[in-house]
Amino acid sequence: AQKITQTQPGMFVQEKEAVTLDCTYDTSDPSYGLFWYKQPSSGEMIFLIYQGSYDQQNATEGRYSLNFQKARKSANLVISASQLGDSAMYFCAMREGGSQGNLIFGKGTKLSVKP
Amino acid sequence: DSGVTQTPKHLITATGQRVTLRCSPRSGDLSVYWYQQSLDQGLQFLIQYYNGEERAKGNILERFSAQQFPDLHSELNLSSLELGDSALYFCASSPRGGAYGYTFGSGTRLTVV
């Protein structure tokens, strides 16, 4: 079974609008971390935002926020006020097994921002 | 510059050959992780080292091996290369003590012809 599921292979959003990228996860470990990374066409992996399983509040980083619904095991990324430079692949990832555990990635969502 | 340095950026080699990919982690980071990104498999975890010791293994082929040296840089060795090994290989590092950051290098794009 997949541990990280991203059901949207591709999405379009109009510039300046908000967009939500979906991510669900599966784990029985009570301690885990959830991450979102951006991969532009140049290929580098850029860390966006992190949510710990015990965090009470949803994480926010500038225009990025993470809608964390623990009971539903979802960790959706919300990008507000989309910009053309947001066009990229977005990957959701989970870390199990403690703070030094490896990341398990979803298959990604390709976001295209239209002018 | 993320602070994680990977060399070379691009590598083209023939089937059956052996290559070595190098990674220098961010200063102070003890853990190094290797990932393979291919079109069909996505991002796959290969192996992790922590302060010179192998910590975890993922979907790493027997033809592949890695090590982390006393200065904490790491090398990923790929041998008997096949066309299907063509991929983007990432190294990532994370700090001691469990901070949540995983910083990725810019990757090595390997093309096997």
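Note that the structure is a prediction, hence the values are computed from the model and not measured. In the text below, chain A, chain B and the rest are named by the order of the sequence lines, each starting its count at 1.
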Exercise. Is there a donor-acceptor contact under 3.5 Å linking the side chains of B:Gln48 and B:Ser31?
Worked result: yes

Seminar exercise, completed: Contact list (residues 104-115 of chain A to chain B, heavy-atom gap under 4.5 Å, by number) returns A:Phe105

Exercise. Side chain, backbone, both or neither: which part of B:Leu43 has a non-hydrogen atom closer than 4.5 Å to chain A?
Worked result: both

Exercise. If you measure from the Lys or Arg side-chain nitrogens to the Asp or Glu carboxylate oxygens, is any gap between A:Glu96 and A:Lys3 under 4.0 Å?
Worked result: yes

Exercise. Considering only heavy atoms, which portion of B:Arg55 lies under 4.5 Å from any heavy atom of chain A: side chain, backbone, both, or neither?
Worked result: side chain

Exercise. If you round to the nearest 0.5 Å, how far is CD of A:Gln8 from SG of A:Cys23?
Worked result: 10.0 Å

Seminar exercise, completed: By residue number, those in residues 6-16 of chain B with heavy atoms under 4.5 Å from heavy atoms of chain A are none

For this session: Check for a donor-acceptor pair, side chain of A:Asn76 on one end and backbone N or O of A:Thr20 on the other, with a separation under 3.5 Å.
Result: no

Seminar exercise, completed: Residues A:Met94 and A:Ile4: closest non-hydrogen pair is CB-CD1, 3.4 Å

Exercise. Are A:Ser74 and A:Asp22 side-chain neighbours, meaning at least one heavy-atom pair lies under 4.5 Å?
Worked result: no

Exercise. Within a reach of under 6.0 Å around CZ of B:Arg109, are more than 12 heavy atoms found that belong to other residues, nucleotides or ligands?
Worked result: no

Exercise. Would you find a donor on one side and an acceptor on the other, under 3.5 Å apart, between the side chain of B:Ser79 and the backbone of B:Arg63?
Worked result: yes

Exercise. For the ring pair A:Tyr37 and A:Phe91, is the centre-to-centre distance below 6.0 Å?
Worked result: no

Exercise. For A:Gln39, is it the side chain, the backbone, both, or neither that has a heavy atom closer than 4.5 Å to a heavy atom of chain B?
Worked result: side chain

Exercise. Donor-acceptor pair, A:Asn58 side chain versus A:Phe68 backbone, under 3.5 Å?
Worked result: yes

For this session: Give a yes or no on whether the ring-centroid distance for B:Tyr102 and A:Phe47 is below 6.0 angstrom.
Result: no

Problem set entry | Heavy-atom proximity to chain B below 4.5 Å, by part of A:Leu103 | both

For this session: Side chain from CB out, backbone as N, CA, C, O: work out which of these in B:Gln44 comes under 4.5 Å of a heavy atom of chain A, or both, or neither.
Result: neither

Problem set entry | Ring centres under 6.0 angstrom apart (B:Phe104, B:Tyr35) | yes

